[in-house]
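Whatever order the structure lists them in is the order used to number ligands and atoms, beginning at 1.
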Amino acid sequence: MFDTLSGKLQNAFKNLRGLGKISESNIAESLREVRMALLDADVNFKVARDFIERVKEKSLGQEVIQSVHPGQQIVKIIHDELVDLLGSANAGLNFTKTPGAILMVGLHGAGKTTSSGKLARLLQKQGSSPLLVAADVYRPAAMDQLATLGQQLNIPVFIRKGETDVLKIAREAMAEAKAQNRNILIFDTAGRLQIDEPLVQELVQLRDLVQPDEILLVLDAATGQEAVNVATHFNQALNITGSILTKLDGDARGGAALSMKAVTNKPIKFAGVGEKLEDFEAFHPERMASRILGMGDIVSLVEHAAEAVDLDDAKRMEEKMRKGQFTLEDFLDQLRQMKKLGSLEKIVGMLPGGSEVLKTTDMGAQEKEFRRMEGIICAMTLKERRTPAILNAKRRIRIAKGSGVTVTEVNSVLNKFSQMQQMMKKFGKLQKMMGRMGGGMPGLMR
Ligand SMILES: Nc1nc2c(ncn2[C@@H]2O[C@H](COP(=O)(O)OP(=O)(O)O)[C@@H](O)[C@H]2O)c(=O)[nH]1
Ligand SMILES: [Mg+2]
């Protein structure tokens, strides 16, 4: 995500970090680099200019904190300004009535239908019971698309095929939501290639009828500045409550994300980061800034992990690891849990320095390796997984045949596993020791 911008900013920081004393002249070059990086990322030029001004002012006017290197202080100032630019804090959804209503608006292909499904999934996970409403009356295919998403998610979709009166659909959908006790309506509306008067009129009428709590503008991040122009228009016409930036997983350069708040004064509330329904997250300016500055995004990863991994399970596993009772069966479990987190590439990408690792490591190969391990362990009997000691040559040959690999590969997996077990035992002891010392390892193995 925003790799080019990220790389350029980190480059600019290289010179800053070493600075012993701040003066207008010795930060000028670095700030110029930062400005160029922002412009290259398609950040609105006024936004970039003001950004640099603020950073400069704060850098020169800053109190010298003795313990922190001056150059590092500037990096911190840039980080904070970046957070500010992205919107300060995560802006959640606000509902004032029941059932609540969300109007999803935006241009054709921006990701309205997909995001409607993603948002419904998220809200359902948080305990709401959404009703998706197919309010794109121009393209029957759009209704089918929404119906399919609803089916996948097990969330009802309100569809009136053939009905062309969007207001009628809306009225009926609201009645249906009440009848079925659904507490949030999500309206997937029609888009156009460009914002035009008929579209605006239809959306205004729909808005006035539905009185939505949220009007979320769905924007394709890859379109950069254009997304900001679109947002300005939609905001003027409809007074949106926020936006959803989609396709941040693609080659988006960051311009849309970084200019949106400053230009429209409306927060980015969610981000689409892939085609799958779970590739969706609340937009957190702080985390996004850290990601852009190459500080990784541990919190997102942890949240993602918490969603995918059963906590009780994790605790039980930790206990086993510490006591050295971790078996191949548990290992298989872990391999499968990891798959739930998503691709290895994605996981590593979210870690600090992860984007660097990705440049030099073939994650595809790693992933294949894990799959092969899984296959090998699967070819073992339950008893073998629990007591690998019984794995004699004969058994190993059988397992190799069963999983379509060579005996050498089976041996290699078993060796790796045994090394891992040794390490875990040691680690368990270490943890105990630290525990006795009253310390513990913060953030590890929780
Ligand atoms: N990679 C990626 N693709 C997305 C994302 N959101 C939507 N898409 C894709 O963009 C295309 C258009 O999405 P759709 O929801 O039909 O757009 P709509 O016309 O606004 O309803 C589809 O192929 C989606 O799979 C995203 O966050 N990342
Ligand atoms: Mg659509």
Review point. Under 3.5 Å between some N or O of ligand 1 and some N or O of D279?
Key: no
Check your understanding: Rounded to the nearest 0.5 Å, what separation is found between the CZ atom of R385 and the CE atom of M380?
Key -> 8.0 Å
Check your understanding: Is any N or O atom of L248, backbone or side chain, closer than 3.5 Å to an N or O atom of ligand 1?
Key -> no
Point to revise | Side chains of T96 and D213, donor plus acceptor under 3.5 Å | key: yes
Review point. About how many Å separate CZ of R372 and CZ of F370, when rounded to the nearest 0.5 Å?
Key: 11.5 Å
Point to revise | Test item, G274 contacting ligand 1 (heavy atom, 4.0 angstrom) | key: yes
Review point. Should one rank T114, D220, L146 by closest heavy-atom distance to atom 7 (C) of ligand 1, which comes out on top?
Key: T114
Check your understanding: Which residue holds the protein heavy atom closest to atom 18 (P) of ligand 1, what is that atom called, and what is the gap in Å?
Key -> K112 N, 3.4 Å
Review point. Can you find a side-chain donor-acceptor pair between S6 and Q10 that sits under 3.5 Å?
Key: yes
Exercise for review: State the CZ-NZ distance between F51 and K56, to the nearest 0.5 angstrom.
Suggested key: 14.0 Å
Point to revise | Option passing side-chain contact (heavy atoms from CB on, under 4.5 Å) with L203 (candidates V166, D208, V105, I215) | key: V105
Check your understanding: When only distance counts, is S115 in polar contact with ligand 1, meaning an N/O pair under 3.5 Å?
Key -> no
Exercise for review: Might you check, step by step, whether the distance between atom 23 (O) of ligand 1 and some protein heavy atom is under 4.0 Å?
Suggested key: no
Practice item. For atom 17 (O) of ligand 1, grab the closest protein heavy atom and report residue, atom and distance to one decimal in Å. Key: G111 N, 3.0 Å
**Study point:** Check: T113 N/O within less than 3.5 Å of ligand 1 N/O
**Key:** yes
Check your understanding: In terms of side-chain heavy atoms, does E197 have a donor or acceptor partner in Q201 at a distance below 3.5 Å?
Key -> yes
Exercise for review: Give the atoms of ligand 1, by number and element, whose distance to some non-hydrogen atom of L107 is under 4.0 Å.
Suggested key: 20 (O)
Point to revise | By ring pair (Phe, Tyr, Trp, His ring centres under 6.0 Å) - contacts of F2 (at least two apart) | key: none
Review point. Between K266 and N239, is any side-chain donor less than 3.5 angstrom from a side-chain acceptor?
Key: yes
**Study point:** ligand 1 versus K118: contacting region, heavy-atom distance under 4.0 Å
**Key:** side chain
Review point. Applying a strict 4.0 Å limit to heavy atoms, is G191 in contact with ligand 1?
Key: no
Practice item. May I ask you to list the atoms of ligand 1 that are less than 4.0 angstrom from any heavy atom of G272? Key: 27 (O)
Point to revise | Summary of side chain to side chain donor-acceptor pair (under 3.5 Å) pairs that have at least one residue in residues 99-115, sequence neighbours excluded | key: T113-D188
Exercise for review: Give every protein N, O or S atom lying under 2.8 Å from the Mg ion (ligand 2), naming each by residue and atom.
Suggested key: T113 OG1
Practice item. Among all protein heavy atoms, pick the one closest to atom 16 (O) of ligand 1 and tell me residue, atom and distance. Key: Q145 NE2, 3.0 Å
Practice item. Pick out which of E286, R287, M288 makes a side-chain contact (heavy atoms from CB on, under 4.5 Å) with S290. Key: E286
Check your understanding: Is there a side chain to side chain contact (heavy atoms under 4.5 Å, CB included) between K269 and F283 once you walk through the steps?
Key -> CA-CA 5 Å; K269 295 199 168 182; F283 187 83; 5.8 Å; no
**Study point:** Shortest protein heavy-atom distance from atom 25 (O) of ligand 1, along with the residue and atom involved
**Key:** E275 OE1, 3.5 Å
Exercise for review: Note the single closest protein heavy atom to atom 19 (O) of ligand 1, along with its residue, its atom name and the distance in Å.
Suggested key: G109 N, 2.8 Å
**Study point:** Heteroatom distance test (K247, ligand 1): nitrogen or oxygen, under 3.5 angstrom
**Key:** yes
Study note, to complete from the structure: Of all protein heavy atoms, the one nearest atom 28 (N) of ligand 1 is D249 OD1, 2.9 Å
Practice item. Indicate, as side chain, backbone, both or neither, the part of V273 found under 4.0 angstrom from ligand 1 when only non-hydrogen atoms are considered. Key: backbone
Revision key, fill the gap. Rounded to the nearest 0.5 angstrom, the CG-NZ distance for L122 and K118 is 11.0 Å
Can I get a per-line list of side-chain donor-acceptor pairs under 3.5 Å for residues 242-250, giving both atom names and the distance, sequence neighbours left out?
unit_1 : atom_1 : unit_2 : atom_2 : d
T246   : OG1    : A110   : O      : 2.7
T246   : OG1    : L219   : O      : 3.1
K247   : NZ     : G109   : O      : 2.9
K247   : NZ     : D220   : OD2    : 3.4
D249   : OD1    : G274   : N      : 3.3

Practice item. Output yes when D40 and K8 qualify as a salt bridge under the 4.0 Å nitrogen-oxygen rule, no when they do not. Key: yes
